[in-house]
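Please read the structure below before turning to the comments.
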Amino acid sequence: MSETISVLISKEDIEKRTAELAKKINEDYQGRQIHIVCVLKGGVFFAVNLAQHLTVPVTIDFMSVSSYGDDTKSSGIVKIVKDLDQPLAGKDVLVVEDIMDSGRTLSYLLNLLRDRKPASLRLCTLLDKPSRRVIDVSCDYTGFEIEDKFVVGCGMDYQQRYRNLPYIGVVELGE
């Protein structure tokens, strides 16, 4: 099977939108410290880029959850692959994710993190695909809303490839 990738969102547009999101987050968290929970693996590129634009104090931790495997659609079964290293109690937590799709994974993750008693819990995602939503998840900061297309780049992958693309591309599968 072969893949063709076409640009959906350019590197420049991603950089501009990330700076805009960071400006809003800086305003919302003025005088406080943010504890970023980066959702691996896909969220790492966006989380690092976002953190570099933040002017408020930042700490970061990583969590890996999965509901995709090697497929292009969520399986609906969420598993924790790597849990956090630091407790969240009393912290202002900002979950940073690459894409909101069905909402299953993020709903599960946010409920799990709420149980850890953070002072606040907000969500920031680079991409939102609302047409695929099965579970309603509220997002505080959204980069781009996209149609139901399978995308790669900026941390998102197809069978662990294409994460390093500096743009968001649409994957077309061929024979």
Side-chain angles (χ1 to χ4, degrees), residues 1-26 34 36-54 58 60-82 94-110 122-135 137-175:
M1 188 176 293
S2 64
E3 305 98 39
T4 305
I5 300 171
S6 58
V7 176
L8 178 66
I9 305 170
S10 72
K11 177 182 178 179
E12 295 76 20
D13 287 344
I14 293 166
E15 184 63 27
K16 179 180 179 221
R17 183 66 183 134
T18 302
E20 292 169 355
L21 289 172
K23 182 177 185 230
K24 176 69 172 135
I25 293 167
N26 285 326
I34 300 173
I36 291 176
V37 171
C38 172
V39 182
L40 296 173
K41 296 176 186 172
V44 73
F45 289 79
F46 177 51
V48 168
N49 190 11
L50 180 69
Q52 290 174 332
H53 285 86
L54 294 173
V58 173
I60 190 165
D61 203 349
F62 300 91
M63 187 168 210
S64 182
V65 294
S66 178
S67 67
Y68 280 85
D70 283 338
D71 203 354
T72 61
K73 297 213 185 306
S74 173
S75 67
I77 299 167
V78 179
K79 66 178 184 176
I80 295 176
V81 180
K82 183 218 174 293
L94 179 64
V95 176
V96 178
E97 175 68 294
D98 55 356
I99 188 167
M100 285 180 52
D101 196 331
S102 70
R104 287 185 187 107
T105 302
L106 280 171
S107 175
Y108 175 86
L109 178 62
L110 292 171
R122 292 184 180 174
L123 174 62
C124 180
T125 186
L126 177 58
L127 300 179
D128 184 10
K129 203 187 288 185
S131 65
R132 298 260 311 133
R133 198 84 72 248
V134 174
I135 297 175
V137 176
S138 176
C139 187
D140 302 281
Y141 310 98
T142 301
F144 301 92
E145 190 174 295
I146 64 169
E147 295 178 13
D148 185 15
K149 298 186 182 295
F150 190 72
V151 292
V152 294
C154 294
M156 290 165 279
D157 72 295
Y158 174 62
Q159 297 181 342
Q160 298 301 320
R161 296 177 309 194
Y162 308 116
R163 289 186 192 280
N164 61 317
L165 294 175
Y167 57 85
I168 304 295
V170 176
V171 177
E172 299 292 335
L173 300 175
E175 298 285 325

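If you read the sequence from its start, that first residue is 1, and numbering goes on from there. Only a predicted model underlies this, so the values are computations on that prediction, with no experimental measurement involved.
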Working to the nearest 0.5 Å, report the span between CD1 of Ile9 and CD1 of Ile168.
-> 5.5 Å

Audit row: Glu172, Val170, side chain to side chain contact (heavy atoms under 4.5 Å, CB included) steps and yes/no = CA-CA 7 Å; Glu172 299 292 335; Val170 176; 3.6 Å; yes

So does Glu145 pair up with Lys129, basic N to acidic O under 4.0 Å?
-> no

To the nearest 0.5 Å, what is the distance between NZ (Lys23) and CG (Leu54)?
-> 13.5 Å

Please assess Phe46 against Ile14 for the test side chain to side chain contact (heavy atoms under 4.5 Å, CB included), listing each intermediate value before the final yes or no.
-> CA-CA 9 Å; Phe46 177 51; Ile14 293 166; 5.7 Å; no

Phe45 vs Asp98 side-chain heavy atoms within contact, under 4.5 Å | no

Side chains of Glu3 and Tyr162: closer than 4.5 Å at any heavy-atom pair?
-> yes

Working to the nearest 0.5 Å, report the span between OG1 of Thr105 and CE of Met100.
-> 11.0 Å

Look at Arg133 together with Asp128 and state whether they make a salt bridge at an N to O cut-off of under 4.0 Å.
-> yes

Stepwise salt bridge (Lys or Arg N to Asp or Glu O under 4.0 Å) check, Glu20 with Arg17 | CA-CA 5 Å; Glu20 292 169 355; Arg17 183 66 183 134; 3.1 Å; yes

Approximate separation, where rounding is to 0.5 Å, of Cys38 SG and Phe62 CZ = 5.5 Å

Begin with the C-alpha distance, continue with both residues' side-chain angles, and end with the deciding distance and a verdict on side chain to side chain contact (heavy atoms under 4.5 Å, CB included) for Leu8 and Val151.
-> CA-CA 8 Å; Leu8 178 66; Val151 292; 3.9 Å; yes

Over all atoms of both residues, closest heavy-atom pair of Val137 and Gly103 = CG2-O, 3.5 Å

Is Lys16 atom NZ crowded by more than 12 heavy atoms from other residues, nucleotides or ligands, each under 6.0 Å away?
-> no

Where the side chain of Thr142 meets the backbone of Phe144, is there a donor-acceptor pair that is under 3.5 Å apart?
-> no

For Asn26 and Ala22, indicate whether the former's side chain and the latter's backbone hold a donor-acceptor pair under 3.5 Å.
-> yes

Test Asp140 against every option in Leu123, Thr125, Leu94 by the side-chain contact (heavy atoms from CB on, under 4.5 Å) rule and name the one that passes.
-> Leu123

Pair Leu126-Glu97, side chain to side chain contact (heavy atoms under 4.5 Å, CB included): steps then yes or no = CA-CA 7 Å; Leu126 177 58; Glu97 175 68 294; over 6 Å; no

So do the side chains of Cys124 and Leu50 get within less than 4.5 Å of each other, counting heavy atoms only?
-> yes

Validation row: Leu127, Met156 side chains within 4.5 angstrom (heavy atoms) = yes

Side-chain contact test, heavy atoms from C-beta onward, threshold under 4.5 Å: evaluate it for Ser107 versus Leu109 and give yes or no.
-> no

Under 4.5 Å between any side-chain heavy atoms of Asp101 and Leu106, yes or no?
-> no

Polar side-chain atom of Lys24 near backbone of Tyr141 as donor-acceptor pair, under 3.5 Å = no

With the side chain counted from C-beta on, respond yes when Val152 and Arg163 share a heavy-atom pair under 4.5 Å apart, and no when they do not.
-> no

Below 4.5 Å, heavy atoms only, C-beta onward: do Tyr108 and Ile80 meet side chain to side chain?
-> yes

